[in-house]
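Only a predicted model underlies this, so the values are computations on that prediction, with no experimental measurement involved. Residue numbers begin at 1 in each chain, while the letters A, B, ... track the order of the sequences.
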Amino acid sequence: MSGKVKLPFAEVIVDIHAREVDRPFHYRIPEAFAGQVHVGTRVIVPFGPRRLEGYVIGFSSEPEPDVKNIKEILDVLDEQPPLTEELVKLADWMSYRYLSSKAASVQALFPAGVRARTSVRLTLKEDVWNKLRKSGSVGISPKEQQILDLLAEGAPVYKDKLLKDAPGLKAPLQRLLRLGTVEEKHEVSQAVQTLYITAVSCTLREADFQKAMDEIPARAFKQKEVARWIRMHGPSIPVRDVLRATHTTYSTINSLVRKGILVLSQVEERRNPYANRFTGERERPLALTGEQEQAYRLIASAMAAGRPDRILLQGVTGSGKTEIYLQSIAACMAQGRKAIVLVPEISLTPQMVERFKRRFGDDVAVLHSRLSQGERYDEWKRIRRGTASIVVGARSAVFAPLENLGLIVIDEEHELSYKQEEQPKYHAREVAWQRALHHGAVLVLGSATPSLETRFMIERGEGRRILLPTRFNKKSLPTVRVIDMRQELQAGNRSMFSRPLHHLILDRLAKQEQIILFLNRRGYSSFILCRNCGYVARCPDCDISLTYHKAHGFEVLRCHYCGHSEPSVSQCPSCSSPHIRTFGTGTQRVEEELNKVFPAARVIRMDVDTTGTKGSHERLLQQFRDGQADILLGTQMIAKGLDFPRVSLVGVITADTSLNLPDFRAAERTFQLLTQVAGRAGRHETEGVVLVQTYHPEHYAIQYAVTQDYEDFYRQEIEIRRTLDNPPLCDLAVFTAQHENRAAAERWVRSLEKRLRAEFHTASVAEVLPACPAPIPKLQGKHRYHLCVKVRDFAKAQPVLLAGYLESSRLAREQGGTITIDVNAQMIL
DNA sequence: GGCAGAAGATGA
DNA sequence: CATCTTCTGCCA
Ligand SMILES: [Zn+2]
Ligand SMILES: [Zn+2]
């Protein structure tokens, strides 16, 4: 459906995230808006008794046959359609791939705050009311009188709010509306608005201007000066700038306006988060090393070819990836095309932004959550209008409304944060590739520890890989020591700090060097571990660690992929030791222990509790950097970001939490974490030591992380994924049912399981795993059940999954519960 | 998702 | 019967 040929009916998706209305509705395009309605235009449409925001996704010559009484589009919201046809198509693809509603998919394309809210304001029709009152022909009930009195006060009254506060007023209000004494006014508002400021301009012809100047008395020399300055500096200048530049006051401007020399107008103001920064000369490209040059050439030639392509840039932090990105962007711009750079939210620091701004100045638009909504909106508009041709941002920047895209870079592509946790549950990597396919663009994926998905894509020959040298020289690799915690116990040490770690902490404290201690985010579920031999109960079918549950006095171990369960044990099945029990420590406990064992040490703790407020994350890191503490204790979040030159010891309190996450990605996560930690320690002159404490030192994820051998790790891990048929060899779709009533939630997933099983009789399309309780079996009073489906042929399975999903979510909604679906969930909770 | 209108539920 | 509550269908 072309946006050019305008047919009389528009197909509109209304902004309601419900399956029942998740289809286009047809509206007539009134004459007044002819030429203003395109694919991607936001409109206001009547929908039943209310008005809603909607998105135009297409046109048709005729309305749907069985629809009488077709309504008209009431308003067009933006001057330029906010979305391109490509983005509308992309939303459609997301709905297909992630089984999200069309409304949710389209809404995800907009920056936060760009969403029209409609409301109904009630006003008093005084003339009708007065007439009615005088005639005395109709009685007014006390409740009706109450409404009239409220409206007479004059403060704005909104229908939904009034009825929410006092539902009893519904019938009286309806009567008043019928009588005509109260009127409804539909209003449209939006959280973020375009900012306008007052500007002046002088549009007089030269002769008239000279004449006007001559008429100004000599003592009003300031007026003359200001008028001349404005005339010289441009057609329309914000008053604020005039006042600052000419050191004058508003009254001077006013006089000139009164004389007809200047005209005031409202102009759009850009809320620029980086105003007055990076304004100097643009930085020149740095010299490339041989490897960088090779990488750059490959990317540039791929872009020149103009076909969609994928390139994995594999190299550790500090191997010069950013410079390759920068020069690739320059090559992209030289082609007249545009670029997107995605960076994990946590790495999107001012320093990172600066690198791009210094090189490309205002051609760079930045999109991330720390900007105000207004700033983000204005950056987004610059992108849409084509004033900015490079976008740097976090996950959602993948939707930047650029046309003629030539390059998309995803830095740290293995990061979890590229998967959106809310609907639509998209993965930025997949979306980026979808856009690259459309534009014939190049997708560059950068990482030291590529995701199995990306590395496997390379193995299948669907992209190319460039290996950057590990580091400048092997020597600066930090010493990584793995501490066997089983031996600690055997030697009588029951503390959470092994003897070597204890010893090194004391040593660094004495030398006044800094220490970082990592603790994995505490598992949301617990597992049992033998302190003597390291045994962890695993599912015989899925090989993931079994989750410990205690209910009604029974202790069971359960696999939440397939539902396998077995009784818990109090004696190790492997070594018969009684030291087998649940495992898991929080940062708070480690902090207490640190205070007890090293009372002199100053500790900064960083976890969700201490970094809840805005900016606290950066503040704590800065404090540590300034030397206000000896030990930084935190979760994975401190693995990235700032550099700490004075850190000479990094300790991983326990690698086992990560290793035994009840998730088939546990080994991958552990390998990534440990590699990152090792990278953290070895960057500076101070020789870094990394200590990794674990009950499972022989595990391949730990061993290969110590030797920094990604390739060996990949080969072993992909074999396991292949054997167990896990992603990336299939797509894993996870349904989650939630309800206060446990039986109801279980019933839905069971019937969905049955239905899907019947449809997927051949395992070549999909394999349905048994429905079972989720790893978090109860959350906020709701019981949770899971159903996992291993999808081998997505195209064939999609319609079946969708139909099953729609049916069961309808059922769930009827009974006051919910069912969600997550395709390739990154964390299965 | 949310609104109107219908169909029950409660109390005098 | 008035009023409050829950249910059901539908939106172009
Ligand atoms: Zn044991
Ligand atoms: Zn299992």
How would you label the contact of [X] with the nucleic acid (heavy atoms, under 4.0 Å): base, sugar-phosphate, or nothing?
X       : value
A/Arg51 : nothing
A/Pro46 : sugar-phosphate
A/Tyr27 : sugar-phosphate

Between [X] ([atom1]) and [N] ([atom2]), how many Å, whole number?
X        : N      : atom1 : atom2 : result
A/Arg175 : C/dA2  : CZ    : P     : 12 Å
A/Leu74  : C/dA12 : CG    : C1'   : 12 Å
A/His17  : C/dC11 : NE2   : P     : 21 Å
A/Arg813 : C/dC7  : CZ    : C1'   : 12 Å
A/Glu814 : C/dG9  : CD    : C1'   : 12 Å
A/Arg178 : B/dA4  : CZ    : P     : 11 Å
A/Leu173 : C/dC4  : CG    : P     : 14 Å
A/Gln174 : B/dG5  : CD    : C1'   : 9 Å

From the options A/Asn824, A/Val791, A/Val789, select the one residue that forms a side chain to side chain contact (heavy atoms under 4.5 Å, CB included) with A/Leu732.
A/Asn824
Reckon A/Lys159 has a side-chain N or O less than 4.0 Å from the OP1 or OP2 of B/dA4?
yes
Any A/Lys143 side-chain nitrogen or oxygen under 4.0 Å from OP1 or OP2 of C/dC4:
yes
With hydrogens left out and only the distance checked, is there a donor-acceptor pair under 3.5 Å joining A/Arg19's side chain and the base of B/dG1?
no
When the ring centroid of A/Phe794 is compared with that of A/Tyr96, is the distance short of 6.0 Å?
yes
Taking the inter-plane angle between the rings of A/Tyr98 and A/Trp93 on a 0 to 90° scale, is it parallel (under 30°), tilted (30 to 60°) or perpendicular (over 60°)?
perpendicular
Please work out whether the ring planes of A/Phe110 and A/Trp380 are parallel, tilted or perpendicular, with thresholds of 30° and 60°.
tilted
Strictly by modelled atom types, are A/Tyr785 and A/Arg742 linked by a side-chain donor-acceptor pair under 3.5 Å?
yes
Report the nucleotide, chosen from B/dC3, C/dA12, C/dC11, that has the shortest atom-to-atom distance to any side-chain atom of A/Pro49.
B/dC3
